[in-house]
Amino acid sequence: MLTENYLQDYLKEILPMCGGILGDIQKESYKDNVPIIPNDVVRLLSFILSVKRPERILEIGAAVGFSSALMSKYLVYGGKITTIDRFDIMIRHFKENVRKMSLEDKIELIEGDACDILPKLNDKFDVIFLDAAKGQYIQMLPHCLRLLETGGILIVDDVLQEGRIAKKREDVPRRQRTIHTRMRNFLWEITHNDALETAVLTIGDGVALCHKIKDI
Ligand SMILES: C[S@@+](CC[C@H](N)C(=O)[O-])C[C@H]1O[C@@H](n2cnc3c(N)ncnc32)[C@H](O)[C@@H]1O
């Protein structure tokens, strides 16, 4: 979290959590430290998608299906989400949760490493939510941009990593320096690409919003 404690506490107090089965998954995941999006990012995603009302969403990093199920609420009639994950335990919980919420006809899971899967995808998406291994974002970016419709939005979670990315390289522990360099390269790319209007917000652990305004 990047904001001061008193701001976080206040926002926690006023921002409602999800309801129903989705709310149960949200609460359990926070309690068990399952790495789903924090509630302020939930509110941001809900806001963006309620304005955008997409037909096709691609998510990279499904985990237990929380953000897929959240986003499915904002699809237009007949819309679909394709999501990717490679981690068996997450996949098992994902399938259980999607079944519990009867979302099988709206959410399709592709199992495997997104770095192998993305180059094989050709469908276009109105929204792409990138929330996978942070060190791989720079490798996944060209595919996200290729698969994103012009007029579409790329939403990227955890781009500031508890603020570490804003620190100087020498002030970051050695074992985190590769990811520090890669994320800085990623942020430079999305903020200097003429085809994108990009904003970087200090919500959660940093969220980047990229609007693809022209063909690449
Ligand atoms: C932060 S969690 C996703 C949380 C989820 N979006 C939510 O908020 O409900 C990241 C997920 O990405 C998956 N992941 C990370 N790198 C991946 C890759 N290269 N290919 C496929 N899945 C990946 C992990 O297994 C993990 O389940």
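One-based numbering along the sequence shown. Remember, it's 1-based here, ligands and their atoms both numbered in the order they're listed.
Applying the side-chain hydrogen bond (donor to acceptor under 3.5 Å, both in side chains) rule to Arg164 yields the partners Glu162, Gln176; only residues at least two apart in sequence or on another chain are considered. Every residue was checked against the salt bridge (Lys or Arg N to Asp or Glu O under 4.0 Å) condition with Glu108, not counting sequence neighbours, and none meets it.
The closest side-chain heavy-atom distance from Leu44 to Val207 is below 4.5 Å. Between Ile190 and Leu141 there is a side-chain heavy-atom pair separated by less than 4.5 Å. Phe94 is not listed as a side-chain neighbour of Asp85, based on a closest heavy-atom distance of 4.5 Å or more.
Set against the non-hydrogen atoms of Phe87, the atoms of ligand 1 under 4.0 Å away are 25 (O). For ligand 1 and Ala62, the ligand atoms under 4.0 Å from any heavy atom of the residue are 5 (C). Of all atoms in ligand 1, listed by their number and element, those nearer than 4.0 Å to a heavy atom of Glu59 are 6 (N). Of all atoms in ligand 1, numbered sequentially from 1 with element shown, those under 4.0 Å from a heavy atom of Met140 are 19 (N). For ligand 1, the atoms sitting less than 4.0 Å from at least one non-hydrogen atom of Met90 are 27 (O), numbered in the order shown with element in parentheses.
Protein heavy atom at the shortest distance from atom 26 (C) of ligand 1 is Asp85 OD2, 3.4 Å. Ranking the protein heavy atoms by distance from atom 10 (C) of ligand 1 puts Asp131 O, 3.1 Å first. Residue, atom and distance of the protein heavy atom nearest to atom 16 (N) of ligand 1 are Ala133 N, 3.1 Å. Residue, atom and distance of the protein heavy atom nearest to atom 8 (O) of ligand 1 are Ile37 N, 2.9 Å. Given atom 2 (S) of ligand 1, the protein heavy atom at minimum distance is Pro35 O, 3.4 Å. The nearest protein atom to atom 19 (N) of ligand 1, hydrogens excluded, is given as Gln136 OE1, 2.7 Å; this is a heavy-atom distance.
Under the 4.0 Å criterion applied to side-chain N and carboxylate O atoms, Arg56 and Asp123 are assigned as salt-bridge partners. In this structure, Asp113 pairs ionically with Arg86, as a charged nitrogen and a carboxylate oxygen lie closer than 4.0 Å.
The closest heavy-atom contact to atom 21 (C) of ligand 1, among the options Ala63, Gly61, Gly112, Gly65, comes from Gly112. Evaluated by nearest non-hydrogen atom to atom 18 (C) of ligand 1, the leading choice among His93, Arg86, Lys134 is Arg86. Around atom 7 (C) of ligand 1, the closest heavy atom drawn from Ala114, Gly135, Ser67 belongs to Ser67.
Nearest heavy atoms, Cys18 versus Gln26: N-OE1, 2.8 Å.
For Glu111, no heavy-atom contact with ligand 1 is shorter than 4.0 Å. Residue contacts with ligand 1 for Ser68 are absent, since no atom lies close enough (heavy atoms, distance under 4.0 Å).
Among Leu49, Ile37, Val41, the single residue meeting the side chain to side chain contact (heavy atoms under 4.5 Å, CB included) criterion with Leu70 is Ile37.
In this structure, a donor-acceptor pair under 3.5 Å is present between the side chains of Ser67 and Glu59.
Looking at Asp158 next to ligand 1, no N or O pair under 3.5 Å apart turns up.
The local environment of CD in Glu4 is sparse, with at most 12 non-hydrogen atoms from other residues, nucleotides or ligands closer than 6.0 Å.
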